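Bear in mind the structure is a predicted one, so any value in this text is a computation, not a measurement. Both backbone and side-chain heavy atoms feed into the values below; hydrogens, waters and symmetry mates do not. Below, chains carry the letters A, B, ... as their sequence lines are ordered, and counting in each starts from 1.
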4 protein chains.
Amino acid sequence: MSVDEERRSTRVKRLPREVRERQILDAAVRVFSQYGYHNASMDEISEVAGVSKPMIYAYLGHKEDLFAACIRREATMLMEAIAAGVTTEQAPDMQLWHGLRAFFQFVGEQKQSWRVLHRQATSQGGPFSEELLAMRGRAINLVDALLVRSATTRGEAPAKSTEALAAALVGASESLADWWLDHPEVSDKTVASWLMNLVWMGFGDLVTGTVWTPTPE
Amino acid sequence: MSVDEERRSTRVKRLPREVRERQILDAAVRVFSQYGYHNASMDEISEVAGVSKPMIYAYLGHKEDLFAACIRREATMLMEAIAAGVTTEQAPDMQLWHGLRAFFQFVGEQKQSWRVLHRQATSQGGPFSEELLAMRGRAINLVDALLVRSATTRGEAPAKSTEALAAALVGASESLADWWLDHPEVSDKTVASWLMNLVWMGFGDLVTGTVWTPTPE
Amino acid sequence: MSVDEERRSTRVKRLPREVRERQILDAAVRVFSQYGYHNASMDEISEVAGVSKPMIYAYLGHKEDLFAACIRREATMLMEAIAAGVTTEQAPDMQLWHGLRAFFQFVGEQKQSWRVLHRQATSQGGPFSEELLAMRGRAINLVDALLVRSATTRGEAPAKSTEALAAALVGASESLADWWLDHPEVSDKTVASWLMNLVWMGFGDLVTGTVWTPTPE
Amino acid sequence: MSVDEERRSTRVKRLPREVRERQILDAAVRVFSQYGYHNASMDEISEVAGVSKPMIYAYLGHKEDLFAACIRREATMLMEAIAAGVTTEQAPDMQLWHGLRAFFQFVGEQKQSWRVLHRQATSQGGPFSEELLAMRGRAINLVDALLVRSATTRGEAPAKSTEALAAALVGASESLADWWLDHPEVSDKTVASWLMNLVWMGFGDLVTGTVWTPTPE
DNA sequence: AATGAATGAGTTTTCATTCAT
DNA sequence: CATGAATGAAAACTCATTCAT
């Protein structure tokens with residue numbers, strides 16, 4: 001091997017699999033989020049990742065697999081961000097409040113992730129929505145538990161529809177986050193408080209002027 | 001001329017432009033809703049419509065135009081369905097209730113329309129979301145007016161956030177309808193009542209067991 | 001038949017075949033000249049002609065036939081224009097001069113015709129060049145005869161290459177006319193005089209500053 | 001490995017980009033020249049080149065780009081052929097003579113190239129004629145310089161119209177070459193001498209029987 | 001005589017995917 | 001480990017041409 005070749009082989013790094021995978025996923029999230037699943041081309045992803053296409057296929061598999069991997073990773077990050085904001089020692093309304101704030105903060109900071117996660121995954125059928133459904137299920141469970149605990153704490157029997165309502169709340173959050181993507185001038189705190197008021201007070205109270213405000217911490 | 005021939009010649013040939021356009025739109029809604037905008041091929045649409053591709057291009061234009069035309073038509077139908085269910089003479093909560101019922105009924109009966117309208121149009125950028133945004137704007141205005149009227153009726157000043165809350169409600173409805181697509185075992189009335197409870201009573205009341213029920217008509 | 005229908009049927013003129021054909025040819029020349037043979041669409045021609053496509057097919061035949069008809073018509077007009085400018089009573093150089101002037105005048109006034117005639121027809125193979133070749137042959141014959149007569153008049157035997165030179169002159173004229181299309185700032189007279197100098201004097205004389213000028217009439 | 005396999009693997013597989021590009025350009029010139037720009041299909045070119053269509057697009061770009069690349073390549077070859085035949089040490093008339101000979105020799109040997117270069121490019125608008133115009137400009141400059149030098153050598157001031165006359169000569173050459181395409185029975189030397197006589201002697205001399213002949217070398 | 005309705009056949013172009021090195 | 005080279009398959013779109021009225 002000549003000196004030249006040696007130098008080149010040192011420059012052309014043989015990175016460990018883990019690092020390559022992260023590089024690729026980062027690039028994929030960026031490209032999918034910018035162009036959408038279909039308009040994103042493997043060529044572009046490989047270029048952005050600085051990795052040749054065969055490597056992508058070797059590490060992450062076909063386009064579908066790659067996209068699913070993106071969703072999985074981003075969904076996990078989101079759930080972790082929310083979990084970090086909430087502790088079961090807080091009062092129920094404060095738990096919800098912190099959860100919402102954490103959610104909208106994440107969305108605000110990771111718009112790309114959110115785009116991939118929600119808009120793209122939702123509109124593609126099959127395997128993708130499944131990944132998404134799984135995450136949504138976990139979120140719904142969290143909220144459901146919260147509602148049940150809230151009733152139990154007050155010594156009352158929980159309503160039967162808690163799970164459906166939890167689903168509705170999760171849906172409302174996703175939907176509002178989506179809306180927010182197109183209205184970036186509103187702050188994350190404001191958006192969170194709107195939704196908090198809606199779901200906690202209900203229009204019935206709202207129209208009377210009653211407003212929910214977080215208790216000072 | 002045999003019966004078959006007659007039937008065929010009645011079915012297939014030299015129809016006036018108007019009729020063909022409707023045929024094409026029907027087929028397009030079906031195909032777009034089933035495969036999504038990108039995976040839907042003009043070939044498939046033309047086959048389903050029983051019309052050659054050149055006719056599609058001649059009458060409805062390029063793929064984008066065709067899709068936009070679908071959205072426009074379906075959105076109009078939805079708004080009309082809702083408007084038909086609501087009259088301003090009803091009490092505010094009953095107006096909301098009837099609006100929600102009409103909405104979920106439409107979605108239940110026209111799942112295809114809804115798929116095209118919401119899922120697909122949302123995930124495609126640019127011109128498509130605009131058609132959708134326009135419709136959403138009209139819906140939000142309706143709800144906003146409702147909330148304002150509701151407060152005024154009670155002799156109170158309307159809250160400042162009514163428009164944002166209206167937006168949230170509309171978003172929640174869309175989101176819940178979307179969720180419902182994947183959970184067809186629930187009845188439309190049930191879904192509507194869930195959302196009604198959420199937005200009218202709020203979790204704050206709900207966890208205490210208070211429930212909103214429609215006043216008997 | 002109602003009054004309305006009658007009025008309309010009066011407006012929708014049933015023109016005699018001749019008139020229709022001219023309408024169509026005019027439109028075809030315009031469209032072919034603007035877009036080139038291939039990019040010109042029968043649709044566009046029918047629109048410009050104010051006549052439906054089936055009429056075109058009925059009167060002038062297929063696209064190729066139509067184009068050939070255009071060439072034929074325009075070529076005839078050009079030859080007639082030239083013939084009108086020249087009489088055999090003039091001195092040979094004056095005949096050439098008038099012929100050139102007539103040619104460039106025609107090209108200048110009928111740029112569209114010329115475009116169809118020369119540029120388009122030349123670049124399309126087969127049937128079209130034949131029409132063109134025929135016309136060019138007639139032109140070459142004219143010039144050839146001129147050269148021969150010129151020699152005979154001076155009591156000399158004509159050179160053997162007169163026909164080839166005639167061809168070269170015709171080619172030079174066509175070529176210069178083509179060049180002129182893209183340099184419209186030069187007057188037709190100037191262009192004609194350039195060519196006249198070139199072919200009559202030759203570079204050999206030209207570089208000595210000798211110039212041919214038309215004798216005053 | 002059998003001989004056949006070896007041969008095939010040497011012929012067909014994994015060639016470096018450079019080679020493939022040349023293969024493709026060769027095929028493109030052939031096909032464009034045979035069918036004309038519009039009637040040439042990328043399919044045919046790819047077949048003739050023995051390469052799949054995606055490679056063409058990857059290496060040479062869209063149809064327009066490919067065509068422009070053909071023109072550029074062939075034009076360069078032509079100019080080089082002419083330049084190789086002429087040296088400024090020769091007398092002016094000999095320079096012109098050698099230039100013409102080289103030109104007609106090239107056209108005679110590369111009829112395909114010439115077809116692409118001139119007929120096709122001329123009839124297509126825009127980007128293609130530009131490539132051609134550039135080359136023509138260089139040719140005209142050459143001739144212009146020649147004429148000016150010729151006058152200066154004789155101690156005379158050059159005529160003002162040298163550039164226009166240079167243009168006419170170039171046009172005449174192109175035109176004559178074009179004519180020659182359809183009259184292959186004439187030798188290249190003959191065609192060149194015809195044109196030489198025309199432009200150097202002029203008809204005025206010619207009709208008197210004066211003829212220019214190359215001085216023996 | 002005249003036309004709106006209709007299409008078969010073909011074109012360029014793009015992309016996910018895989019060898020051979 | 002890593003990649004440049006290569007392609008099969010399909011998609012959007014267009015157009016000359018012809019019926020049925």
Distance test, side-chain N/O of B/R20 to OP1/OP2 of E/dA6, below 4.0 Å: yes
Are more than 12 heavy atoms from other residues, nucleotides or ligands located less than 6.0 Å from atom CZ of D/R73? yes
With sequence neighbours left out, what residues match A/E44 under side-chain contact (heavy atoms from CB on, under 4.5 Å)? A/V31, A/Y35, A/S41, A/V48
From CG of C/L66 over to P of F/dT17, roughly how many Å is that when rounded to an integer? 10 Å
Let me know the distance between CD of B/E21 and P of E/dG4, rounded to the nearest Å. 15 Å
Find the distance C/I24:CD1 to E/dA1:P and express it as a whole number of Å. 13 Å
Please give, in whole Å, the distance from F/dT21 C1' to B/L15 CG? 13 Å
Say you draw a straight line from CZ of B/R20 to CG of B/L60; how long is it, rounded to the nearest 0.5 Å? 13.0 Å
Approximate separation, where rounding is to 0.5 Å, of D/R22 CZ and D/Y59 OH: 13.5 Å
With sequence neighbours excluded, tell me which residues meet side-chain contact (heavy atoms from CB on, under 4.5 Å) with A/E47. none
Stem list, DNA chain E (Watson-Crick or G-U pairing under 3.5 Å, at least 3 consecutive pairs): E:2-21 with F:2-21
Interatomic spacing from OH in D/Y57 to OG in D/S52 - rounded to 0.5 Å: 11.5 Å
Taking DNA chain E as the partner, which of residues 33-44 of chain C come within under 4.0 angstrom of it by heavy atom? none
Pairwise 5' ranking along DNA chain E for D/H62 and B/E18, keeping only the more 5' one: B/E18
Would you call the rings of B/Y37 and B/F67 parallel, tilted or perpendicular if under 30° counts as parallel and over 60° as perpendicular? tilted
Can you name the nearest heavy-atom pair linking A/A121 to A/L132, along with the distance? CB-CD2, 3.9 Å
Name every residue in residues 53-61 of chain D that has at least one heavy atom under 4.0 Å from any atom of DNA chain E, in order of residue number, or write none if there are no such residues. D/K53, D/P54, D/Y57
Let me know, please, whether B/K63 or D/R17 comes out on the 5' side of the other along DNA chain F by nearest nucleotide. D/R17
With sequence neighbours excluded, tell me which residues meet side-chain contact (heavy atoms from CB on, under 4.5 Å) with C/D65. C/H62
How far apart are the closest heavy atoms of C/I24 and C/V51, and which atoms are they? CD1-CG1, 4.3 Å
Give the rounded distance in Å between these two atoms: CD1 of A/I45 and C1' of E/dT17. 14 Å
Interatomic spacing from CD in B/Q120 to SG in B/C70 - rounded to 0.5 Å: 11.0 Å
